[in-house]
Amino acid sequence: QVQLVESGGGLVQAGDSLRLSCAASGRTFSSYAMGWFRQVPGNEREFVGVISSSGKSTVYADSVKGRFTISRDNDKNTVYLQMNKLKPEEPAVYYCAADRNTLEYGLGDVHYEYDYWGQGTQVTVSS
């Protein structure tokens, strides 16, 4: 069982940066690939990016490539989402999720591949 708690959301202006954190409980954090998703009411949960259990591999949605960066600290059981140059169309609830996967490939980009989810943190972008 893994419990995830996101933090760092808030209100920013378009073009600003924000860093989200996701703290995980349990001793097996390093056995999980960690993904970030976002969701706007009425829409499906959208893939943002994922980092492998070792931290060596990442995959990003085309819409955020070059602007968002995922990193992790396995000693602190924490994964981060650094978001730069935020756009007005990107406000959403951002979720982190854990997928029991220790491979460097086949990283999940759909929500049903993930086993555990945090409660989400709201990001609001003003134009």
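Numbers here are sequence positions counted from 1. Side chains included, hydrogens not; waters and symmetry mates left out as well; all remaining heavy atoms used.
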Are [X] and [Y] joined in one hydrophobic group, where the rule is that I, L, V, M, F, W and Y side chains link up if heavy atoms are under 4.5 Å apart?
X	Y	answer
Met83	Val48	yes
Tyr116	Val79	yes
Val123	Trp117	no
Tyr95	Tyr80	no
Ile70	Tyr114	no

Considering residues, nucleotides and ligands other than Gln3, do more than 12 of their heavy atoms fall under 6.0 Å from its CD?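 Not buried by this count: 12 neighbours or fewer within 6.0 Å.
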Value rounded to 0.5 Å, distance of [atom1] in [X] from [atom2] in [Y]:
X	Y	atom1	atom2	value
Arg45	Arg38	CZ	CZ	13.5 Å
Glu44	His111	CD	NE2	5.5 Å
Thr102	Tyr32	OG1	OH	11.0 Å
Thr28	Gln1	OG1	CD	10.0 Å
Arg67	Lys85	CZ	NZ	9.0 Å
Asp99	Ser52	CG	OG	11.5 Å

Would you say [X] and [Y] make side-chain contact, with heavy atoms under 4.5 Å?
X	Y	value
Asp109	Val50	no
Leu81	Glu6	no
Ser63	Glu46	yes
Asp16	Leu86	no

Between Gln82 and Ser71, do the side chains contain an N or O donor and an N or O acceptor separated by less than 3.5 Å?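 The criterion, which ignores hydrogens and geometry beyond distance, is not satisfied for Ser71 and Gln82.
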Of all pairs that satisfy ring pair (Phe, Tyr, Trp, His ring centres under 6.0 Å), the ones with a partner from residues 39-67, not counting sequence neighbours: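 For residues 39-67, and leaving out neighbouring residues, the ring pair (Phe, Tyr, Trp, His ring centres under 6.0 Å) pairs sorted by first residue read Phe37-Phe47.
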On the 0 to 90° scale, with breaks at 30° and 60°, tag the Phe68-Tyr94 ring pair as parallel, tilted or perpendicular.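 Tilted.
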How close do [X] and [Y] get, counting heavy atoms only, and between which atoms?
X	Y	result
Leu4	Ala24	CD2-CB, 3.6 Å
Ser30	Asn74	CB-ND2, 3.6 Å
Gly108	Glu113	CA-OE2, 3.4 Å
Ala14	Ser127	CB-CA, 4.3 Å

For Phe29, does the six-membered ring have the charged nitrogen or CZ of Arg72 within the cation-pi criterion, i.e. under 6.0 angstrom from the centroid and within 45° of the normal?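 Flagged: Arg72 positioned over aromatic ring of Phe29.
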Going by the side-chain contact (heavy atoms from CB on, under 4.5 Å) test, name the single residue among Val12, Thr124, Val64 that passes it with Glu90.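 Testing Glu90 for a side-chain contact (heavy atoms from CB on, under 4.5 Å) against Val12, Thr124, Val64 leaves exactly one candidate, Val64.
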Between Asn77 and Gly26 (side chain of the first, backbone of the second, donor and acceptor by atom type, cut-off under 3.5 Å), is there such a pair?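 Yes.
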